[in-house]
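Step one of this worksheet: look at the structure below.
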Amino acid sequence: MTDLLMASGRSNVPPFMVMDVMSAAERIEAAGGHIVHMEVGQPAAPAPKKALAAAHRALESGRIDYTSALGIASLRERIARHYRDSYARELDPARIIVTTGSSGAFILAFLAMFEPSDRVAVTVPGYPPYRHILTALGCEPVLIETKSDTRHALTGEALLAAHRKTPLKGVLVGSPANPTGTMMSREALTALISAAESAGIRFISDEIYHGLDYAFPAVTAAELSPNALVINSFSKYFCMTGWRVGWMVVPEPLVRPIERLQQNLAISVPTLSQIAAEAAFDGWEEMEAIKRGYVENRRILIEGFPKAGLTDFLPADGAFYLYADVSRFTLDSFEFAKCMLEQAHVAATPGIDFDPFHGKQFIRFSYARSAAEMREAVARIARWLG
Ligand SMILES: Cc1ncc(COP(=O)(O)O)c(C=O)c1O
């Protein structure tokens, strides 16, 4: 290919394998098969009714204008109120920035916090775009493996050991986590943040699965340090994936730099989505009912999977994922997922997307759909493995 047509080196990020599973599932469905979908990490439920009604009203009013780059003021205030109501934490709305999902927040945060070639620690297993976005922006992701003995929480010791090898500029963790579904306790998060800050390592907390905590209450890093940068989203608890709206709580000195970046990169976040997001906060009852559905789904899988033959999985503390070790059956979870899809018609995601080291041993099951589908999945897997 001539130089004129070559894509840049930094755009050469790996694809998302889950997309391949989705395409294979679509082919089976086109041929008349019925698939139980457990591969996609998104709620089956639509946005709360109050959010939809607010969006309808806004559309009828005609004009949908740009908003301020930091987001609609009343939405930023509503998000601050959410911290008061849900975490008993007072936050200055001036520190809250509305973003294009948490995905948009990662780009803004990384650009504002890091220089090209800075090293930023992320955990493995972990959400792949963390490392791929860092790479695309010229930073170096440093993969630190987490282990089941710490509930897959990154420890201060592991972070500082990596830092001693080659200095780190930042660290990003998520709790509840994707793909493991595990959570960090208050003590673990507090210890990690203080270890990071003592070594001058900037701390980013991905809290997109907050609200979906079952084992114990999720703790926000915003409560633990004014220096931590918190990222959250309306995609999961609020069931608004396609609306592409999220937020950040940022240390005060980063507000203006991020505002300038947002002005230049996006101007503002889609206005209709911001209006709907603000109204979503009034849809608690609906969202709590959906959460109760996940609690039931989690119970069905935790009780049903061992009987079906899937005996080893990590503690399903939060989010809507169960991460199962399938090494009793195979050392190639991609092949396992493919056969399970073709023969049992259950779609799930091979761990290799999330973990280049041991992902071939694991499969991620998402339980964000109906209880009937969960029961069907358990029955199909039991027949298939039996
Ligand atoms: C851990 C985690 N962070 C961030 C995202 C991105 O979500 P969004 O950009 O929709 O907010 C996802 C999506 O699945 C995720 O699992």
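We number each residue from 1, following the sequence as shown. In listed order, ligands and their atoms are each counted from 1. Since the model is a prediction, treat every value here as computed from it, not as a measurement.
- In this structure, a donor-acceptor pair under 3.5 Å is absent between the side chains of S333 and Q361.
- Residue contact annotation: Y209 has a non-hydrogen atom under 4.0 Å from ligand 1.
- Within ligand 1, counting atoms from 1 as listed, the ones closer than 4.0 Å to a heavy atom of K236 are 13 (C), 14 (O).
- Taking every heavy atom of S103 and a limit of under 4.0 angstrom, the matching atoms of ligand 1 come to 6 (C), 8 (P), 9 (O).
- Using modelled atom types and a 3.5 Å distance limit, the side chains of T271 and Q274 yield no donor-acceptor pair.
- Below 30°, between 30° and 60°, or above 60°: for W284 and F238 the angle between ring planes is between 30° and 60°, a tilted geometry.
- Judged by distance alone, the side chains of R364 and N178 do bring a donor and an acceptor atom under 3.5 Å apart.
- Short contacts between ligand 1 and G101, defined as distances under 4.0 Å to a heavy atom of the residue, involve ligand atoms 9 (O), 11 (O).
- Atoms of ligand 1 found under 4.0 Å from any heavy atom of N178 (numbered from 1 in listed order, with element): 1 (C), 15 (C), 16 (O).
- Residue F234 does not touch ligand 1, judged by heavy-atom distances below 4.0 Å.
- Between E376 and R380 there is a salt bridge, with a side-chain nitrogen of the basic residue lying less than 4.0 Å from a carboxylate oxygen of the acidic one.
- Taking the centre of each ring, H132 and F106 stay at or above the 6.0 Å mark.
- If you look at R244 next to ligand 1, the close heavy atoms, those under 4.0 Å, all belong to the side chain.
- Counting the atoms of ligand 1 from 1 in the order shown, those under 4.0 Å from a heavy atom of Y130 are 1 (C).
- No heavy atom of T241 sits closer than 4.0 Å to any atom of ligand 1.
- Looking at S102 next to ligand 1, an N or O pair under 3.5 Å apart turns up.
- Ion pair E140/R119 flagged as a salt bridge, since at least one NZ, NE, NH1 or NH2 atom sits closer than 4.0 Å to an Asp/Glu carboxylate oxygen.
- Across N232, V40, I208, heavy-atom proximity to atom 7 (O) of ligand 1 is greatest for I208.
- Under a 4.0 Å criterion applied to the non-hydrogen atoms of D206, ligand 1 contributes the atoms 1 (C), 2 (C), 3 (N), 4 (C).
- When only interatomic distances are considered, the shortest N/O to N/O separation between T100 and ligand 1 does not fall below 3.5 Å.
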- Task: Before giving the answer on salt bridge (Lys or Arg N to Asp or Glu O under 4.0 Å), spell out for R63 and D65 the whole-Å C-alpha distance, their side-chain angles and the decisive distance to 0.1 Å.
- Result: CA-CA 6 Å; R63 283 186 65 94; D65 294 330; 2.7 Å; yes
